[in-house]
Amino acid sequence: MISGIFGKTKPINFILLLGFLFLFYWFVHFVLYENHYEPEQLVIKFVVLGVLLFSVFIVDFIVKRNQITTTNSYAILYYTLLIVVFPEVLLDDNAVFCSFFLLLATRRLISLKSLKNIKLKVFDATIWTLIASLFYDWAILYLILVCIAIYFYEPKNIKNWLVPLTGILAIGIIAFCFLIITDNLDFLKNHYQFSFNVDIIAYWINSTKLAIYGIITIITASLVFIKMGKLGVGKIITMRLIAISLALGLMVTFLKTTNDTYPVLITFFPGAIFLAKYVELIKKATLREIVLMVSVVAPFLILMTKMILK
């Protein structure tokens, strides 16, 4: 039943998932957490919601354009289900914006496999990553992904390695000029603190949901690589980039998560890719349907448990 709907790419899939996310976003704010907003605050929330919904299109675009999976909608399904598992991410506007810009950066890096306009794509990815770091300082770690992508695709061209430095310099000059105009030169010093609070370790120990999610995604990624052993080198490199993105996302999540900051959203794209790829590689249709049923039911059981224990 579920594979019959999401096993193919159909417009109805977008209507179902985007419609659900629209309603779920307001449900989380007004019902689950009982928040209240002034009219001007609601405008900001609508902008955040728009960015979140557009992120689903970007996820689907990346998957289809680079043929990461076959013609199905499992990736955007799992992306949506992960939001149900972690509804608190919808309270963190920075998480939504940071995830959005990292998606744009990842899109450019994965497209390097065509070996066309490499310098432009690396420059774009660097810019998007730096913009993402304006929302979470530790997101600047994704510049490592930029360097790894260069190493994977065209490491011998020295000019490619200079492009990220050009991007950093360009953003630095623009940011400096803007901060001078707005008389806010202390922003960079106050924002890029790269602090590590030992309480984070206690938070992770007490957060069973986060720990289980991390374990499941790592195991799923490992199984996917084992099953993909016979596929072409090009697809393996793409999946390696996504795996590194997942590792960096988990690292940022570990370093940045607090009681009011939920960067786990930035791991949902690579996490959804590996979950979708795993389901896709299941050969038995009955087993695939069972896995999909469990995948859909489990997030809502977790949500119901959260509401009951609230």
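- Heavy atoms only, all atoms of each residue included: V85 and K209 are closest at O-NZ, 2.9 Å.
- Within the 3.5 Å criterion, the main-chain N or O of Y278 finds no donor-acceptor partner in the side chain of K227.
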| request: Dump the intermediate steps for side-chain contact (heavy atoms from CB on, under 4.5 Å) on Y78 and S295, then the final yes or no. | output: CA-CA 8 Å; Y78 277 107; S295 299; 2.8 Å; yes

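- No side-chain donor-acceptor contact under 3.5 Å links R108 to the backbone of A125.
- Counting non-hydrogen atoms of other residues, nucleotides and ligands closer than 6.0 Å to OH of Y37 gives a total above 12.
- Shown here are the side chain to side chain contact (heavy atoms under 4.5 Å, CB included) partners of I219, two or more places apart in sequence or in another chain: I215, L223.
- For Y33 and H29, the ring centers sit 6.0 Å or farther from each other.
- Ring pair F97/F135 is parallel by interplanar angle, where below 30° counts as parallel and above 60° as perpendicular.
- When atom types are taken as modelled, the side chain of K306 and the backbone of F86 share no donor-acceptor pair closer than 3.5 angstrom.
- Looking at D137, its side chain does come within 3.5 Å of a backbone N or O of F194 through a donor-acceptor pair.
- Atom OH of Y192 is surrounded by more than 12 heavy atoms from other residues, nucleotides or ligands within 6.0 Å.
- Shortest non-hydrogen contact noted between L292 and I2 is O-CD1, 3.8 Å.
- Between the side chain of S73 and the main chain of K8, a donor-acceptor pair closer than 3.5 Å is present.
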| task | Verify side-chain hydrogen bond (donor to acceptor under 3.5 Å, both in side chains) between T267 and Y213, making sure each step is shown before the conclusion. | result | CA-CA 10 Å; T267 69; Y213 167 67; 2.8 Å; yes

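- Counting non-hydrogen atoms of other residues, nucleotides and ligands closer than 6.0 Å to CG of L115 gives a total above 12.
- In Q41, the CD atom is crowded: over 12 heavy atoms of neighbouring residues, nucleotides or ligands sit closer than 6.0 Å.
- Although no hydrogens or angles enter the test, the distance criterion places no donor-acceptor pair under 3.5 Å between the side chain of T257 and the main chain of F254.
- For residues 159-184, the pairs satisfying side-chain hydrogen bond (donor to acceptor under 3.5 Å, both in side chains) are E154-N160, with sequence neighbours left out.
- The local environment of CZ in F187 is crowded, with over 12 non-hydrogen atoms from other residues, nucleotides or ligands closer than 6.0 Å.
- Applying the side chain to side chain contact (heavy atoms under 4.5 Å, CB included) rule to F54 yields the partners F57, I58, F100; only residues at least two apart in sequence or on another chain are considered.
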